[in-house]
Amino acid sequence: MSDCIFCKIANHEIPTTMVYEDDLVAAFADMNPQAPVHVLVVPKQHYANIVDGVPANTLAAMASAVDEVAKAKGIRESGFRVIANTGDDAGQTVHHLHWHVLGGAKMGEGLL
Ligand code: 5GP
Ligand code: ZN
């Protein structure tokens, strides 16, 4: 998708500091963080959301990337949230599959 911002970020068309990256996925900081740690995990291929026929190996790579992000950000033991806003009722604004990894605070005390 030539006009998709997350396609461009994940495939290095827009320079970004990656928190984690492999052949299938990229992880980078959200530009408008909602918690002390707020990282987005996205596939390098374009899928609109989690119900857009995402291959199992891509979903597995995203789950593995969440683990790597949690380790890199030091929130793996303290805990964190993983959220996939999907479609209009959920308020999905970027229509390229992404998982929000949110942590670094307790729920209600800096973590939404
Ligand atoms: P959602 O679609 O799940 O509501 O959220 C999209 C998220 O992407 C938001 O948290 C927003 O801050 C983030 N976002 C939108 N555009 C960009 C961008 O160009 N760069 C980065 N790093 N984050 C973005
Ligand atoms: Zn895309």
Side-chain angles (χ1 to χ4, degrees):
M1 290 263 295
S2 57
D3 61 345
C4 172
I5 189 79
F6 285 180
C7 280
K8 289 179 178 164
I9 291 173
N11 294 288
H12 300 274
E13 288 172 48
I14 295 174
T16 308
T17 302
M18 296 293 181
V19 177
Y20 172 79
E21 182 176 21
D22 62 29
D23 289 348
L24 291 174
V25 306
F28 50 89
D30 194 292
M31 71 176 187
N32 183 23
Q34 303 297 312
V37 174
H38 188 170
V39 173
L40 301 172
V41 173
V42 312
K44 290 189 170 178
Q45 291 286 315
H46 183 90
Y47 305 97
N49 57 43
I50 202 168
V51 290
D52 189 25
V54 188
N57 66 330
T58 296
L59 291 169
M62 290 179 72
S64 178
V66 168
D67 194 344
E68 295 300 328
V69 166
K71 278 187 244 177
K73 291 293 180 183
I75 58 172
R76 194 171 183 272
E77 309 311 322
S78 52
F80 56 91
R81 306 184 77 201
V82 180
I83 296 174
N85 294 326
T86 304
D88 290 342
D89 279 4
Q92 184 180 2
T93 57
V94 177
H95 295 278
H96 177 127
L97 172 60
H98 54 281
W99 290 354
H100 297 258
V101 179
L102 295 149
K106 280 198 182 298
M107 286 285 286
E109 300 175 11
L111 183 58
L112 299 176

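Just so you know, ligand 1 is whichever comes first in the structure, and atom 1 is the first atom listed for that ligand.
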Notebook entry, point to check: Out of curiosity, R81 CZ to I75 CD1, how far, rounded to the nearest 0.5 Å?
Noted result: 12.5 Å

Checklist line | Side-chain cluster (under 4.5 Å, hydrophobic types only) that L112 belongs to, other residues | finding: none

Notebook entry, point to check: Is there a path from V94 to L40 through hydrophobic residues (I, L, V, M, F, W, Y) whose side chains come within less than 4.5 Å of each other?
Noted result: yes

Could you list the donor-acceptor pairs under 3.5 angstrom formed by side chains in residues 23-37, with sequence neighbours left out?
{"residue": "D30", "atom": "OD1", "partner": "N32", "partner atom": "N", "Å": "2.8"}
{"residue": "D30", "atom": "OD2", "partner": "H38", "partner atom": "NE2", "Å": "3.3"}
{"residue": "Q34", "atom": "NE2", "partner": "N32", "partner atom": "O", "Å": "2.9"}

Item checked: Under 4.0 Å from ligand 1 - residues by heavy atom, chain and number -> I5, F6, I9, F28, A29, D30, M31, N32, L40, N85, G91, Q92, T93, V94, H98, H100

Notebook entry, point to check: Does the ring center of H98 lie less than 6.0 Å from the ring center of F6?
Noted result: yes

Notebook entry, point to check: With sequence neighbours left out, what residues match D22 under side-chain hydrogen bond (donor to acceptor under 3.5 Å, both in side chains)?
Noted result: Y20

Next item on the list: Measuring from the Zn ion (ligand 2), name the closest N, O or S atom belonging to H46.
Entry: ND1

Checklist line | Shortest-distance N/O/S atom, H96 versus the Zn ion (ligand 2) | finding: ND1

Next item on the list: Inspect the surroundings of CG in N57 and state if more than 12 heavy atoms from other residues, nucleotides or ligands are less than 6.0 Å away.
Entry: yes

